[in-house]
Amino acid sequence: MSNLKDLPAQYDHAAAQAKWYPYWEKQGYFHADADDPRPPYCVVIPPPNVTGALHLGHALNNTLQDILCRMKRMQGYNVLWMPGTDHAGIATQAVVERRLFEEEGKTRHTLGKTPQESREKLVARIWQWKEQYEKRILSQLKQLGCSCDWQRLRFTLDDQCARAVRETFFKLFADNKIYRGKRLVNWDTFLQTAVSDDEVFHEPTKGHFWHFNYPVVDPRPGEPTHVTIATTRPETMLGDTAVAVHPDPAKALDKAEEALNRKRLDAPEKEQAEIQAQCDSIAARRKTKLQELETLRDMAKRGVKLELPLTGRTISLIADEWAKPELGSGCVKITPAHDENDYQVWQRNLAIGAINIMNTDGTLNDSVPEKYRGLTMKKAREAVIADMEAAELLVETEDREIELAHSDRSKTPIEPYLADQWFVKMDELAQSAMDAVSDGWVKIIPERYKKTYIDWLSEKRDWPVGRQLWWGHRVPVWEIVVHTTKNVTSEIEREIGDFRDVFNRFIKACGIENDICLVQDERRRVVFRVCARSEEAMSELEGFRKRYKSLSDPPSTDPRFEPELSLRSIATIEPQSEEVLDTWFSSALWPHSTLGWPEQTPELAHFYPTSTLITSRDIITLWVARMVLAGLYNMHEIPFHEVFIHPKILDGYGETMSKSKGNGVDPLDVIEKFGADSLRFGIAYLCTETQDVRLPVEFECPHCHALIPQTKKNRTLPRVECDKCKQPFGTQWSQSHGTAEDQALPRGAAVSERFELGRNFCNKLWNASRFALMNLEDFSAAPVKDSELLLEDRWLLSRLATVTGEVTQALAEYRFADAARSLYGFAWDEFCSFYIEMVKARFAVPEQRAVAQQVLAHVLDSLLRLLHPMTPFLTEEVWQLLGEVAPHRGVLKHDRATKSVCVAAWPEVDEQWIDKTIEAQFAKFQTVMGAVRNIRMEKNIPPREPVQFSVKCDAETVKLLKPMEPYFLSMAGATATAWGPNVLPPERAASKPLEGMEVHVDISAFFDMGAERARLEKERDQLAKFVNSLNAKLSNENFVSRAPANVVEEQRAKLAEVREQLQSVEAALGKLA
RNA sequence: GGGCGAUUAGCUCAGUUGGUUAGAGCGCCACGCUUACAACGUGGAUGUCGGGGGUUCGAGUCCCUCAUCGCCCACCA
């Protein structure tokens, strides 16, 4: 047995963490079996990206999951918390590539001698990175106390996930839900990949607005000889295929004017001038410009061509509604391959065509005149402007601020780019996911986030799933081109038919016919795409392709190879698609792929659908929506019943934390300084429904441990000087932006004082436990009789039952802050400040000792259980110690404590103890105690000085308070001299009127006439004010007649009560005079 | 441009279906190392509940409106 006297006065969080996590793991408490008969409860972790270490947001996310898992485990569920990490395709590759460039000056293309070798080498490096960070992440989760089933650890790029991804892709492919199409994509010229809209951010950039003239080919007399267009991206003119003018400029102007007028009516004054200017501009157009636009429109209808300067090409003048007559010249250039809106115009006017002018690396390609080829878009811009100016076709240059799209990953500008892409058709899939939520199968909490989810899905935009990256699940598709020498359709079709026959024989011979799906390209009929489901099918295709290439390798005479030989002669198979899938494709499968799908495992049967998903609001669309549709598609069943969207962690300025802002906080720093329990409790305490978690951040000086507030300025300094000791220290910013000297400085951790709340609470509980343990050394388990319980025992048991109910209910509804606050108040104010203080006096009386011990041990036991999900280490530490002195605990009935609080039963609400009368009675005692203490302080009576007091109250209250006399002595140093209805204040007393009572403290030794009078006058004024306000209310005819009778009655009673108090104060004052 | 959320003590936040004189923690002031705890105890001070309207006997709470901040989505030749 530990020597309880030697327990440190401060909770040693580091020791507890080191001791208990390994213990839990060894006991296998976190492991869940699929054949366990208990009801399942399953949570899949939102897999953290292996891009870097976990931040506070992860700490919050995982703390909440752990709180629920631990509670459910105690409630008797078979809990599986499925852990894992995400390969985070583009993000991880970008990080590794950037490092490669910074540290070795290499790009991914120069890493190996061949493209193949480069790819392999880069992927190998990313795996190394992944191993390193995954290890770090897992260690962080363990230090946080997360009770994940580590035996089931998964990674979105591991073999099993790969199988699930291929299976899903194959299903979609065979189902005609995956197609290849040319679409305008956001092209990252640095990473040379398409990125999704979600991976693009806009940044205001200083730019210009250039006005160019395009000459008209053979203008008729009286018609314009050129049209003027304006652009912020002049280099794209090389890819123009048309200029558009509105088909009905007059009507469009009317509409614009109408809209403007509507806006003007309710626009604030400061915008009026601007609107007026726009109105004037429309009016001016009516006079001068309309005619011209209508002429241009007519010319467009006639099929007039324009000369596209610098290219020698002619382009069409078309009529399209995209051109807004009220803006610029009223004409707009159309570059379908490099602008989203222009692309839409092309879709309406296919005849104009589209010209892609860019290579994948962001340089201009062979579609532009030779002099521009190979230039970057930026260089091309300068060249185009110079040449247009030289040709006297540059009309005007305006300065203008533009919101320029940047890639979130490489931070370089995005070029819109027409490229072949893999798409998933979203119509039916999105609908199914919408229905799941609108019909209530999946519940989103808080409910307001339903809207985000539904709105996004209802757009049903097809999902571009291909990424031109090397890190990820490679698209399992091969392209086959059928050879043909024929140019008659029917003959070509016959050859295609032959190909199909031979191909089918080939896959049958390989035994992979069930794992192969062949689809013909809609436009190019000789092109086929083959999707492979299994490893075997993939290697057969690859094998065939390789053997095909090396014709020197003579095919075997095995009849099995006959179809292969035929196939060789009629078609070419291209290498497997170079692309990989969007990282969200594998994340979408997470809830079922981690449980073993596509295998029908016992886990899948037992744990799917999972119970709850806990995540952050910014991935409701990217992740949650896609998991629902993927789950429904693959499993025909929702992936989870409830989704809880938790708040975000912000810094003291209300900004999101991020590495690039330098305001991030590493949970390990917080754990080291405050302990994991404090971090967890602090998070739960702040995790309210509507507010984000705002945490002012401080640097902790490594020299003197002073806390220096983090400001927008100092958070991005490579070295910070301590306010107190004036010594410099490094920050997380030094690591990435500092000199070697900065990096060598001792590092100042970024922490937040907000976690002091949790630390103080843990320490309070530790010391209360220590008190209990010290006083339970002679504990012998013996159930108490109901009659032996004193008022304070019943009060505490009543409060415990109530709080148990509150906490259980709050956690069931994801109200973490409510649960934490409820426990905080109960443990600190009721258990510590009152019960323990009272029990001290009882422990001194031998015949009262045993009962008090039983109740104390029991309530501590329950409190530990209730707190365990939030503060697992502390509660386990105390649980073990308590088990040594009091292995059997309870009140009327005893049970043996479990080996660990981890597997202890969650407290039930014991209704028999809930007693509002007792709680009200106890409140009276607390009020009198407060009054006595208050008078002591106000009269400056030294703490050690004993005082005497008397209480005027009814007989009922006397019965209640008399037994409490010892507590007044021990807790307020006050001895009661009289109780009852006829009590009169002593000669020199300080008096306090209370509800139905008067407290008089004898202060003859400290009497100060002036001070006492001042105190009473203040009290009198307050009461008088209250009486007035009540009087006013009650003399209001409307209040008396319209308010509910009970409310009026309450007010009347209150008035009588307050009047009485006022009288007693006035009496006391009179006595002084 | 559309949507969502926030605005309560110096700071960070609670505040149930409208009903006494609006709460907590930190910080602040005073006193106290009383054998669980100074990371503590006891007591105290601190608010035009963002502004303006409205509904109501009664509004921090419901409605309208304005302002500020934050987030999401869309758009910007």
Between [M] and [N], how far apart are the [atom1] atoms? Round to whole Å, please.
N	M	atom1	result
G10(B)	G54(B)	P	29 Å
G50(B)	G60(B)	C1'	12 Å
A59(B)	A14(B)	P	24 Å
G51(B)	C29(B)	C1'	33 Å
U20(B)	C13(B)	P	26 Å
C62(B)	U7(B)	P	11 Å
G25(B)	U42(B)	P	11 Å

Nucleotide nearest [X] when distance is taken to its side chain, options [options]:
X	options	result
Glu459(A)	G43(B), C73(B), A77(B)	C73(B)
Arg754(A)	A36(B), A45(B), G25(B)	G25(B)
Arg821(A)	G19(B), A14(B), C31(B)	A14(B)
Lys1054(A)	C11(B), U20(B), C4(B)	U20(B)
Asn760(A)	A77(B), U42(B), C40(B)	C40(B)
Thr232(A)	A77(B), C31(B), A36(B)	A77(B)
Lys451(A)	C4(B), U42(B), A77(B)	C4(B)
Gln1051(A)	U20(B), G25(B), G19(B)	U20(B)

Identify the nucleotide, in any strand shown, that forms a Watson-Crick or G-U wobble pair with [N], with both distances under 3.5 Å; if there is none, say none.
N	result
U42(B)	A30(B)
A77(B)	none
U68(B)	A6(B)
G18(B)	none
A36(B)	none
G25(B)	C11(B)
C49(B)	none

Looking at CD1 of Ile454(A) and CD1 of Ile620(A), how far apart are the two atoms once the value is rounded to the nearest 0.5 Å?
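Result: 11.5 Å between the selected atoms.
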
Taking only N and O in the side chain of [X], is any of them less than 4.0 Å away from OP1 or OP2 of [N]?
X	N	result
Thr688(A)	A14(B)	yes
Arg694(A)	U12(B)	yes
Arg944(A)	U42(B)	no
Trp766(A)	C40(B)	no
Asn767(A)	A39(B)	no
Asn934(A)	G44(B)	yes

What is the separation between atom [atom1] on [X] and atom [atom2] on [N], rounded to the nearest whole Å?
X	N	atom1	atom2	result
Phe681(A)	A24(B)	CZ	C1'	12 Å
Ile352(A)	A77(B)	CD1	P	17 Å
Trp828(A)	A24(B)	CH2	P	14 Å
Asp829(A)	G25(B)	CG	C1'	11 Å
Asn940(A)	U42(B)	CG	C1'	13 Å

Would you classify [X] as touching base, sugar-phosphate or nothing, given that sugar-phosphate means primed atoms plus P, OP1 and OP2, and contacts are heavy atoms under 4.0 Å?
X	value
Tyr11(A)	nothing
Asp692(A)	sugar-phosphate
Ile229(A)	nothing
Thr656(A)	nothing

For the residue pair [Y] / [X], report whether a side-chain donor-acceptor contact shorter than 3.5 Å exists.
X	Y	result
Thr335(A)	Lys333(A)	yes
Asn767(A)	Tyr11(A)	no
Asn775(A)	Arg770(A)	no
Glu700(A)	His705(A)	yes

Answer yes or no: side-chain N or O of [X] and base N or O of [N] forming a donor-acceptor pair under 3.5 Å.
X	N	result
Lys764(A)	C37(B)	yes
Lys840(A)	A36(B)	yes
Glu837(A)	A36(B)	yes
Glu756(A)	A39(B)	no

Tell me whether the NZ or CZ atom of Arg821(A) lies within the 45° cone about the ring axis of Tyr685(A) and under 6.0 Å from its centre.
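Because its charged atom sits under 6.0 Å from the ring centre and within 45° of the axis, Arg821(A) does stack over Tyr685(A).
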
So do the side chains of Phe826(A) and Glu830(A) get within less than 4.5 Å of each other, counting heavy atoms only?
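The answer is yes, as the side chains (C-beta and beyond) meet within the 4.5 Å cut-off.
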
Taking C-beta and beyond as the side chain, do Leu308(A) and Met237(A) meet within less than 4.5 Å on heavy atoms?
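Yes, side chains in contact.
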
Closest-nucleotide ordering on RNA chain B, the 5'-leading residue of Leu650(A) and Tyr685(A):
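Going by which nucleotide is closer to the 5' end, it is Tyr685(A).
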
In terms of the nearest nucleotide of RNA chain B, which residue is placed more toward the 5' end: Arg759(A) or Lys333(A)?
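Counting from the 5' end, the first nearest nucleotide belongs to Arg759(A).
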
Run the numbers on Glu1019(A) and Lys992(A) for salt bridge (charged side-chain N to carboxylate O under 4.0 Å, His left out), then give the verdict.
CA-CA 9 Å; Glu1019(A) 184 116 33; Lys992(A) 216 171 182 69; 3.8 Å; yes

